[in-house]
K.L.:
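This is the structure I want to talk about, given as structure tokens.
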Amino acid sequence: MPMKTRPQYFQVPRIPFEGPGSENPLAFRHYDPAAPADGMTLKERMRFSIAFWHSFRGLGGDPFGPGTIRRPWERGSDALSVALRRMEAAFEFFVKIEAPFWCFHDRDIAPEGATLAESNRNLDRLVAHAKALQKETGVRLLWGTANLFSNPRYMCGAATNPDAHVFAYAAAQVKKALEVTHELGGDGYTFWGGREGYETLLNTDLGREQEHLAAFLRMAVDHAKRIGFKGQFYIEPKPKEPMKHQYDFDVASGIAFLRTFGLEKHFKFNIETNHATLAGHTFQHEIEVAASQGMLGSVDANSGDMLLGWDTDQFNTDVKEITLAMVSIMRAGGLGRGGFNFDAKLRRPSIDPEDLFYAHIGGMDTYALAYRVARRIISDGHLDRFVAGRYSSYDSGFGRRIEEGNARFPELERLVLSKLGEPVPRSGRQEYLENLLNRYLTGA
Ligand code: XUL
Ligand code: CO
């Protein structure tokens, strides 16, 4: 493979699958990329993706101190040559970790220039490089996006900025980001709200800002059509951080927003685990809400910390949480053109290149294990049968008429008065079901 002729940045071999008995920390124990998984390989089924921003731009900086992580490819003062080397290091990692996809923001991969024209030229250089590396390795783009939140011009939002000049700049940036996503064969394009929200209502016209956001998304849909981009558009909800309130608060408010503005046919949701918990929901809840409306799209795979109220973007090794999410995803028919994107970062003291491997091995193994457990839960059918039984009174008679919209209050009143009388309470059996779930999780 031509990759071999390039300098190798990681002193780690391609990660082998060695099975659950392996004691090698640099091996997969559950994620066997070649294993069959419902008519395809597990690698094709899981559609794992690496987030360029965390793994190749995040160096451990936080509000209290600078980055702690040093990477050999980051040395040098010419930003463009560093960016080109960084891209090679990233593709070496994608291949070694057996990830078939990657994701990026425009400003992750190419330095922002002094003007938009210069930024676009830098981006074109890096996109050409990425395109060659994609061809060489077979790694593909799950989705692209634009960073509309780091530059100070976006301090009061991008599409929801009170200044139409900033709106226009953001529009130009997204136009280009869409075009390069298309150029790289991306399967999707994500809108995470960034700073689309408010800090205080004292200076904000909330109604007008939401109209502007809708206008912006409409223009994106229109431009995609114009350039022939057929990838899936995603909204990635998040309730807060960086803003006190973000308009795409959670999936339910996202659905209401899209329907209000007639955009629902063009978008699905990219659900991030930690964003769900920040909104006061479980990961599974957000998946179920999206799936119930046929709008489940993709997943940003990470987790938060139950004791902290911000987005810690940790790698998720919680088998129970992911198994429950997987059950809902499978029932919904899978993610289609979406995937599991590790929007997760190393902790600040995890400074060695191997840590990047341990982190992703843990995340991928946990997802692969959860997939197997969820598959068993679904094929056994106990849970599904229990739930179906719980609603079976709606399968016939007056229950059926209620679901079909053919029942009226007077008819139901007559029924209760003349023959039904008092309903007989039935147990919800939560503890029984929790014990059943534990049996699947422990295999015992
Ligand atoms: C921020 C976040 C973003 C999006 C892409 O919390 O999740 O990285 O995934 O802009
Ligand atoms: Co995300």
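All ligand and atom numbering here is 1-based and tracks the order in the structure.
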K.L.:
Tell me, please, which residues at least two apart from R259 pass side-chain contact (heavy atoms from CB on, under 4.5 Å).
P.N.:
I255, E264, Q293
K.L.:
Kindly check if the number of other-residue, nucleotide or ligand heavy atoms within 6.0 Å of CZ (R153) is above 12?
P.N.:
yes
K.L.:
Going by an N to O cut-off under 4.0 Å, is there a salt bridge joining R140 and D187?
P.N.:
yes
K.L.:
Answer yes or no for R45 and Y371: cation-pi contact, defined as NZ/CZ to six-membered ring centre under 6.0 Å and angle to ring axis within 45°.
P.N.:
no
K.L.:
Do the side chains of D124 and K176 get close enough for a salt bridge, i.e. N-O under 4.0 angstrom?
P.N.:
yes
K.L.:
Kindly state each residue pair satisfying ring-ring contact (aromatic ring centres under 6.0 Å, His included) with at least one member in residues 294-331, sequence neighbours excluded.
P.N.:
F315-H360
K.L.:
With F10, which of F91, W73, F94 fulfils ring-ring contact (aromatic ring centres under 6.0 Å, His included)?
P.N.:
W73
K.L.:
Is there any protein N/O under 3.5 Å from an N/O of ligand 1, and what does the full list of such pairs look like?
P.N.:
unit_1	atom_1	unit_2	atom_2	d
ligand 1	6 (O)	K238	NZ	2.9
ligand 1	6 (O)	H275	NE2	2.9
ligand 1	6 (O)	D311	OD2	3.0
ligand 1	7 (O)	E236	OE2	2.7
ligand 1	7 (O)	E272	OE1	2.7
ligand 1	7 (O)	H275	NE2	3.4
ligand 1	7 (O)	D343	OD2	2.8
ligand 1	8 (O)	W53	NE1	3.2
ligand 1	8 (O)	D343	OD2	3.4
ligand 1	9 (O)	E236	OE1	2.8
ligand 1	9 (O)	E236	OE2	2.9
ligand 1	9 (O)	D300	OD2	2.9
ligand 1	9 (O)	D343	OD2	2.9
ligand 1	10 (O)	H105	NE2	2.7

K.L.:
Taking 4.0 angstrom as the limit, do E98 and K43 come out as a salt bridge?
P.N.:
yes
K.L.:
In terms of ring plane angle, is the pair H105 and W53 parallel, tilted or perpendicular, where the classes change at 30° and 60°?
P.N.:
perpendicular
K.L.:
Listing by chain and number, what protein N/O/S atoms are under 2.8 Å from the Co ion (ligand 2)?
P.N.:
E236 OE2, E272 OE1, D300 OD2, D343 OD2
